Each structure stands twice: as C-alpha cells, then as structure tokens.
Amino acid sequence: MEPEGLGFLSGLVTALGGLAGATVTAPPPAPQPGGAVIELRVSGQEFAIPPEHILAVLAGVNDNTQMPQLELSFDDSGAALFAEITAAHIGQAMDLVVCDQVLMSPVIQEPITGGQIVITGNFTSDETTLLASQIAGSTPCDSSDATK
C-alpha cells in the first residue's frame, strides 16, 4: 500500500517531504569533500550528483517493514537535477550507482521533486551503513564492496 502524496520509483526509491517512517540506526555521517558521486544512468545517458549537492545521508530501518534503508537529502541544485532527470524519463528504468555498484534499477513512475529519497532493497544494515559512509566520504569506495 502506497502512502498518499509520495512519489515512487517502482516502490523502491521514495520521494519524501520529510524522512518519515524510518528509524535511524547509525549516526549520520556529515557529507564532506571526497564523498562518492551518485550516478544515474537512464536511456543510455549518464548523470552525476556530486557530493557537494548531498546535504545528508542516513542508514536507517523502515519502521513499517523493519528492512534497512538508505536516506538521502539533496541541496536545491541536486534536487533540481534529480527532478529534471526523473521528469524527463518517466516509464524508463534508471540505474542508481554508488562506488561503481548498481544499487538498483527501478522504473521511474513520476517526477521526484522533494529533494529527499529513500532507497530500499536487499541490503543488510552493515551494507547501508557502509554505503552511507562512502557517499558521505568518510570511507573510500574501494574499501569494500557493499553490494555483494
């Protein structure tokens, strides 16, 4: 059952007005220079949201499903880019890539304009914590393969 008023990428990436429905399991690493670039690949095109456009990244647990999740908040520039990409590619699959690993390939259902997303999938708590640390720049991408 989808909550009202939320945008979805195939039910996996959720645009939120706030990061509701989640319990944080790790303290949020402060994004810093050298953090991982979030790559978006859709229809043969590649886009990047560099670390300076990421305001916050949190490893948490969804209160409803009890599954680990990764929460991201973008600044205005990052939010505008994410909204532009999702608006232009409705109905198409988009690879979400961090540290050269495809985290998921959801189908874009509608534009995601809120500047905040929640990524769920077949992740462990340790994997979401590592991904958050890599995106924030406190752990190098080559330190471990978090998605295997």
Side-chain angles (χ1 to χ4, degrees), residues 2-65 67-123 125 127-141 143 146-147:
E2 296 181 354
E4 285 185 23
L6 299 180
F8 288 87
L9 289 179
S10 190
L12 298 176
V13 177
T14 309
L16 298 174
L19 298 177
T23 301
V24 175
T25 59
Q32 52 189 297
V37 171
I38 296 174
E39 297 175 57
L40 307 170
R41 299 176 188 159
V42 60
S43 297
Q45 296 177 292
E46 293 187 14
F47 305 93
I49 300 178
E52 60 265 21
H53 295 302
I54 300 169
L55 295 176
V57 56
L58 304 170
V61 174
N62 183 288
D63 288 339
N64 296 324
T65 66
M67 297 297 294
Q69 64 186 24
L70 189 65
E71 305 166 11
L72 296 167
S73 297
F74 302 114
D75 68 7
D76 290 343
S77 296
L81 178 59
F82 198 81
E84 180 181 332
I85 294 165
T86 56
H89 297 284
I90 293 172
Q92 300 173 15
M94 177 178 68
D95 291 343
L96 181 67
V97 182
V98 175
C99 294
D100 294 322
Q101 299 295 317
V102 177
L103 299 183
M104 62 179 44
S105 298
V107 174
I108 301 168
Q109 300 297 317
E110 63 187 63
I112 296 179
T113 58
Q116 297 176 320
I117 61 172
V118 175
I119 303 166
T120 61
N122 192 22
F123 303 111
S125 292
E127 289 169 335
T128 56
T129 300
L130 178 60
L131 286 167
S133 181
Q134 289 171 326
I135 292 168
S138 54
T139 300
C141 281
S143 67
T147 59

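These numbers come from a predicted model, not from an experiment.
From Glu127, atom CD reaches atom CG of Asn122 across 7.5 Å, with rounding to the nearest 0.5 Å. Atom CZ of Phe82 and atom CG of Leu40 lie 6.0 Å apart (nearest 0.5 Å). For the atom pair Leu72 CG and Ile119 CD1, the distance stands at 4.5 Å (nearest 0.5 Å). Atom NE2 of His89 and atom CD of Glu84 lie 8.5 Å apart (nearest 0.5 Å). To the nearest 0.5 Å, atom CG of residue Asp100 and atom CD of residue Glu39 are 6.0 Å apart. To the nearest 0.5 Å, the span separating CG on Leu81 from CG on Asp76 amounts to 12.5 Å.
For Asn62 (side chain) and Asn64 (main-chain N/O), a donor-acceptor pair under 3.5 Å exists by modelled atom type. Checking side-chain atoms of Thr86 against main-chain N and O of Ile112 turns up a donor-acceptor pair under 3.5 Å.
Nearest heavy atom pair, residue Phe74 against residue Ala79, reads CB-N, 3.5 Å. Nearest heavy atoms, Cys99 versus Ala36: SG-CB, 3.8 Å. Between Cys141 and Gln134, the shortest heavy-atom contact is O-NE2, 3.3 Å. The minimum heavy-atom distance linking Gln92 with Val42 is given by the pair OE1-CG2, 3.6 Å. Of all heavy-atom pairs between Gly121 and Met67, the closest is O-CE, 4.3 Å.
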Distance-only donor-acceptor hits, side chain of residues 46-59, under 3.5 Å, sequence neighbours excluded:
{"from": "His53", "atom 1": "ND1", "to": "Asp75", "atom 2": "OD1", "distance (Å)": "3.1"}
{"from": "His53", "atom 1": "ND1", "to": "Asp75", "atom 2": "OD2", "distance (Å)": "3.0"}

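For the pair Leu70/Val98, no side-chain contact is recorded, criterion being any heavy-atom separation below 4.5 Å from C-beta on. Contact check for Thr120 versus Val118: side-chain heavy atoms found under the 4.5 Å cut-off.
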